[in-house]
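Everything on this sheet refers to the single structure shown next.
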Amino acid sequence: MRARNRTTTRGSDQQVLDGVHKDLQSVAVMYFASKTFTPATLEDYIQARIDAATTIVVAKAAWQKAILDYEGLDGETEIVLRDLKRFVIGMFGDDSPKLADFGYTPPKQVVWTEEKKATAVAKRAATRAARHTRGAKAKLAITGATPEGK
């Protein structure tokens, strides 16, 4: 059994439409689903579904293009707005009321306590010890010499 989606339905509808046009033109009246059809009205009825499916495909393609256009513009605009904020802060100052005209708030200054600084230094030292990382001068003392006697 074939998967039933708009693409396959549209293709099979087109084939049915071709068959109606080719082989049923001599039939005067047909009855389907409590409706009366002539070959011309049946063709119009089937064509309406083909047109509706085509409209969906076109609308979806336009929607996807609009999303791609927005995403491209969005990334570039974010960079411009970030630079604008820096420019406005540089021009008017950190605590200027003019920042509010742009919807910006003054940048927050992070103040580290002595305890927080000491904790950070201890964590940094512990991480370096655990990972066996060394500075440039300490690395110079490490050589590839093999133990003697082997």
Side-chain angles (χ1 to χ4, degrees), residues 1-24 30 32-35 37-147:
M1 183 173 170
R2 282 190 333 193
R4 191 164 149 79
N5 58 37
R6 279 188 299 275
T7 304
T8 58
T9 301
R10 193 169 54 163
S12 63
D13 284 353
Q14 184 62 51
Q15 190 171 3
V16 168
L17 188 62
D18 294 341
V20 168
H21 185 71
K22 181 179 178 184
D23 298 325
L24 295 181
M30 296 168 273
F32 307 114
S34 302
K35 295 181 183 178
F37 294 98
T38 64
T41 58
L42 183 59
E43 287 178 12
D44 292 342
Y45 193 80
I46 295 169
Q47 186 63 47
R49 184 162 85 166
I50 293 171
D51 294 343
T54 302
T55 302
I56 290 171
V57 169
V58 170
K60 183 178 179 182
W63 174 67
Q64 289 173 331
K65 183 184 179 319
I67 289 173
L68 290 175
D69 292 346
Y70 173 79
E71 288 174 349
L73 186 60
D74 183 47
E76 293 172 13
T77 305
E78 282 299 316
I79 295 168
V80 170
L81 291 177
R82 182 193 65 215
D83 291 347
L84 174 65
K85 182 176 181 179
R86 291 177 183 159
F87 175 78
V88 169
I89 290 172
M91 185 170 182
F92 298 116
D94 286 347
D95 55 355
S96 174
K98 293 190 180 214
L99 294 178
D101 293 344
F102 295 90
Y104 300 145
T105 56
K108 295 178 182 177
Q109 298 296 326
V110 178
V111 179
W112 283 43
T113 63
E114 292 300 320
E115 179 183 334
K116 196 170 183 180
K117 288 179 189 177
T119 303
V121 168
K123 282 184 179 180
R124 193 167 30 250
T127 300
R128 287 177 65 92
R131 293 183 180 166
H132 305 291
T133 56
R134 294 172 174 77
K137 290 181 182 177
K139 287 180 184 177
L140 291 175
I142 300 172
T143 63
T146 57

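Below, each value reflects all heavy atoms present in this structure, side chains not excepted, and no hydrogens, waters or symmetry copies.
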Would you give the length of the straight line joining atom [atom1] of [X] to atom [atom2] of [Y], rounded to the nearest 0.5 angstrom?
X   : Y    : atom1 : atom2 : result
S96 : F102 : OG    : CZ    : 9.0 Å
K85 : I89  : NZ    : CD1   : 5.0 Å
R6  : T9   : CZ    : OG1   : 9.0 Å

Please list every donor-acceptor pair under 3.5 Å in which a side-chain atom of residues 40-54 meets a protein atom from a residue at least two apart or in another chain.
unit_1 : atom_1 : unit_2 : atom_2 : d
T41    : OG1    : T38    : N      : 2.7
T41    : OG1    : T38    : O      : 3.0
T41    : OG1    : T38    : OG1    : 3.2
E43    : OE2    : H21    : ND1    : 3.2
E43    : OE2    : Q25    : NE2    : 2.7
Y45    : OH     : K35    : NZ     : 3.4
Q47    : NE2    : D51    : OD1    : 2.8
R49    : NE     : D13    : OD2    : 2.6
R49    : NH2    : D13    : OD1    : 2.8
R49    : NH2    : D13    : OD2    : 3.0
T54    : OG1    : R10    : NH1    : 3.2
T54    : OG1    : I50    : O      : 2.9

Sequence-distant partners of D94, side-chain hydrogen bond (donor to acceptor under 3.5 Å, both in side chains), two or more places apart:
none

Between side-chain atoms of residues 111-131 and protein atoms elsewhere (two or more places apart, or another chain), which donor-acceptor pairs fall under 3.5 Å?
unit_1 : atom_1 : unit_2 : atom_2 : d
T113   : OG1    : K116   : N      : 3.1
T119   : OG1    : E115   : O      : 2.9
T127   : OG1    : K123   : O      : 2.9

Considering all heavy atoms, the nearest L84-Y104 contact:
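Nearest heavy atoms, L84 then Y104: CD2-OH, 3.6 Å.
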
If you look at every heavy atom in P39 and L24, which pair is closest and at what distance?
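Distance-wise, the nearest heavy atoms are CG-O, 3.1 Å.
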
Using salt bridge (Lys or Arg N to Asp or Glu O under 4.0 Å) as the criterion, list what pairs up with D83, not counting sequence neighbours.
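Counting only residues at least two positions away or on another chain, D83 forms a salt bridge (Lys or Arg N to Asp or Glu O under 4.0 Å) with R86.
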
Qualifying side chain to side chain donor-acceptor pair (under 3.5 Å) pairs, either residue in residues 67-77, two or more places apart:
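Residue pairs passing side chain to side chain donor-acceptor pair (under 3.5 Å), neighbours aside: K65-D69.
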
With F92, which residues qualify under ring-ring contact (aromatic ring centres under 6.0 Å, His included), at least two apart?
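Here no residue qualifies.
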
